[in-house]
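Here's the structure, in structure tokens; my notes come after.
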Protein chains: 2
Amino acid sequence: MRGDLYAADCPSRQVLDRIGDRWSVLVVSTLADGTLRHGGIAGRIHGITPKMLTQTLRGLERDGLVHRTVYAEVPPRVEYGLTDLGHDLVGLMRRLEDWAETHIGDVESARSDYDARATASRK
Amino acid sequence: MRGDLYAADCPSRQVLDRIGDRWSVLVVSTLADGTLRHGGIAGRIHGITPKMLTQTLRGLERDGLVHRTVYAEVPPRVEYGLTDLGHDLVGLMRRLEDWAETHIGDVESARSDYDARATASRK
DNA sequence: CTGTATCCTCTCTGATACTG
DNA sequence: CAGTATCAGAGAGGATACAG
């Protein structure tokens, strides 16, 4: 049977919440092609702050989507990469991106129509 | 070429934002099997307030995912249903749900491990 | 370089009461 | 029945400064 979408603690909800947060998808997507260091990720995602990057990475690491490797060097080096689970999820994210790119035109024209109608009927 | 995921106004971002909001996925999912009235939706989604339901429906309608039909009767009747675009998106949502159900066990054990390690190393 | 610690704002969300 | 209006709380996210 299907999970109960209406329960706040439903698996679907949790996955959706993660996908919905501001940076997780971007970070996972950035790591899709290989491991990167903290600074390397920050450089590719415009606008992310160190705090949010760390916070996002911790959440992904906790969920088993990202693995973190610390090299005992001076200066310290820390690399992040996707786990098998993370790679698996990337596939789904790509489909979402594809859908967005394929249908964004429809969405935008729908918005224009809607806004035009709303403006026309404004009292 | 791919869209620029790193831009805040990227199509992917907008779709992701909608999926991430609290009620949109639930509402779309509820409408997947057929049209429903305002009260009918509210009755199936436990915890949603009239205000949030209306707000969510307006957003979905604006994006062309849901269509709204008003019947000039007494008392008034308003029905909501998915557009073709909405039905298309439901397919993707189902895959997300399937992924969640398949892998939630992995995620949960990863969390347990992570939390156990964090507790063990707490200063 | 790789984070951590504060503070602060802003949006989302909910509770409540009211209208056509 | 199907909303709308208003107020208020909570929490995510951002700016900034600092530490190992």
Side-chain angles (χ1 to χ4, degrees), chain A residues 6-9 13-14 16-27 30-31 35-63 66-81 114 118 121-123, chain B residues 6-9 13-14 16-27 30-31 35-63 66-81 114 118 121-123:
Chain A
Y6 309 142
D9 59 346
R13 250 288 38 107
Q14 294 178 38
L16 257 23
D17 285 348
R18 182 153 297 296
I19 288 177
D21 89 24
R22 184 148 176 127
W23 301 111
S24 289
V25 172
L26 266 48
V27 170
T30 301
L31 293 175
T35 65
L36 282 173
R37 302 175 61 177
H38 188 280
I41 304 173
R44 292 176 190 222
I45 302 180
H46 183 70
I48 195 169
T49 59
K51 172 191 148 183
M52 290 313 298
L53 178 52
T54 297
Q55 187 173 306
T56 302
L57 286 167
R58 290 288 175 281
L60 295 170
E61 189 191 355
R62 178 167 183 265
D63 285 358
V66 161
H67 61 77
R68 179 176 186 265
T69 312
V70 182
Y71 297 91
E73 304 173 352
V74 178
R77 184 161 58 97
V78 182
E79 297 209 321
Y80 295 93
Y114 185 91
S121 64
R122 185 160 305 148
K123 302 163 188 178
Chain B
Y6 311 141
D9 59 346
R13 261 259 68 91
Q14 295 178 35
L16 258 23
D17 286 347
R18 182 153 296 297
I19 288 178
D21 87 24
R22 181 148 179 134
W23 301 110
S24 288
V25 172
L26 265 48
V27 170
T30 301
L31 292 175
T35 64
L36 282 173
R37 303 175 62 176
H38 187 280
I41 303 173
R44 292 176 190 224
I45 302 181
H46 183 69
I48 195 170
T49 59
K51 172 190 148 184
M52 289 315 298
L53 178 52
T54 298
Q55 187 172 305
T56 302
L57 285 167
R58 290 289 176 281
L60 294 170
E61 188 191 356
R62 178 167 183 265
D63 285 358
V66 161
H67 60 78
R68 179 175 185 268
T69 311
V70 182
Y71 297 90
E73 304 173 352
V74 177
R77 185 162 57 98
V78 182
E79 298 210 323
Y80 296 92
Y114 184 92
S121 65
R122 185 159 305 146
K123 304 164 188 177

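Sequence lines set the chain letters: A, B, ... in the order given, protein chains first and strands last, and positions in each chain run from 1. Side chains are part of it too, since the values below use all heavy atoms of this structure and drop only hydrogens, waters and symmetry mates.
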Inset, instruction - Would you give the length of the straight line joining atom OH of B:Y80 to atom CZ of B:R37, rounded to the nearest 0.5 angstrom? - result: 11.0 Å
Inset, instruction - Establish, with yes or no, whether the OP1 or OP2 oxygen of C:dT11 is under 4.0 angstrom from a side-chain nitrogen or oxygen of A:R22. - result: no
Inset, instruction - Let me know the distance between CE of A:M52 and P of D:dG11, rounded to the nearest Å. - result: 15 Å
Inset, instruction - Starting at atom CH2 of B:W23, determine the distance to atom C1' of C:dC12, rounded to an integer number of angstrom. - result: 12 Å
Inset, instruction - Using a cut-off of strictly less than 4.0 Å, decide whether A:R18 has a side-chain nitrogen or oxygen near OP1 or OP2 of D:dA12. - result: no
Legend entry - Protein proximity profile, nucleotides 15-20 of chain C - base contact B, sugar-phosphate-only contact S, no contact -, cut-off 4.0 Å on heavy atoms: B-----
Legend entry - Length of the CG-C1' vector between B:D21 and C:dG14, whole Å: 15 Å
Legend entry - Residue B:R37, side-chain atoms from C-beta onward, closest of C:dT2, D:dA2, C:dG3: D:dA2
Legend entry - Rounded distance (nearest 0.5 Å) linking atom CD1 of A:I19 with atom CG of B:D17: 12.5 Å
Legend entry - A:K51 NZ to A:T56 OG1 distance, which is reported to the nearest 0.5 Å: 10.0 Å
Legend entry - Least distance between heavy atoms, A:L57 atom then A:V66 atom: CD2-CG1, 4.4 Å
Inset, instruction - Grab the CD1-P distance between A:I48 and D:dA12 for me, whole Å please. - result: 16 Å
Legend entry - Nearest heavy-atom neighbours spanning A:L53 and A:I41: CD1-CG2, 3.7 Å
Inset, instruction - Send over the distance from A:L26 CG to D:dG13 P, rounded to a whole Å. - result: 12 Å
Inset, instruction - Mind calculating the distance between CD (A:Q55) and P (D:dA12) to the nearest angstrom? - result: 8 Å
Legend entry - A:V78 side-chain proximity, nearest of C:dG3, C:dG14, D:dG3: C:dG3
Legend entry - Minimal non-hydrogen separation, B:Y71 against B:E79, with atom names: CE1-CG, 3.7 Å
Inset, instruction - Nearest 0.5 Å please: distance from the CZ atom of B:R22 over to the CD1 atom of B:I48. - result: 9.5 Å
Inset, instruction - Report yes if at least one side-chain N or O of B:Y80 is closer than 4.0 Å to OP1 or OP2 of D:dG3; otherwise report no. - result: yes
Legend entry - Atom-pair distance (CG on A:D17; C1' on D:dA12), nearest Å: 12 Å
Legend entry - Value in whole Å for how far the P atom of D:dG3 lies from CG of B:L36: 13 Å
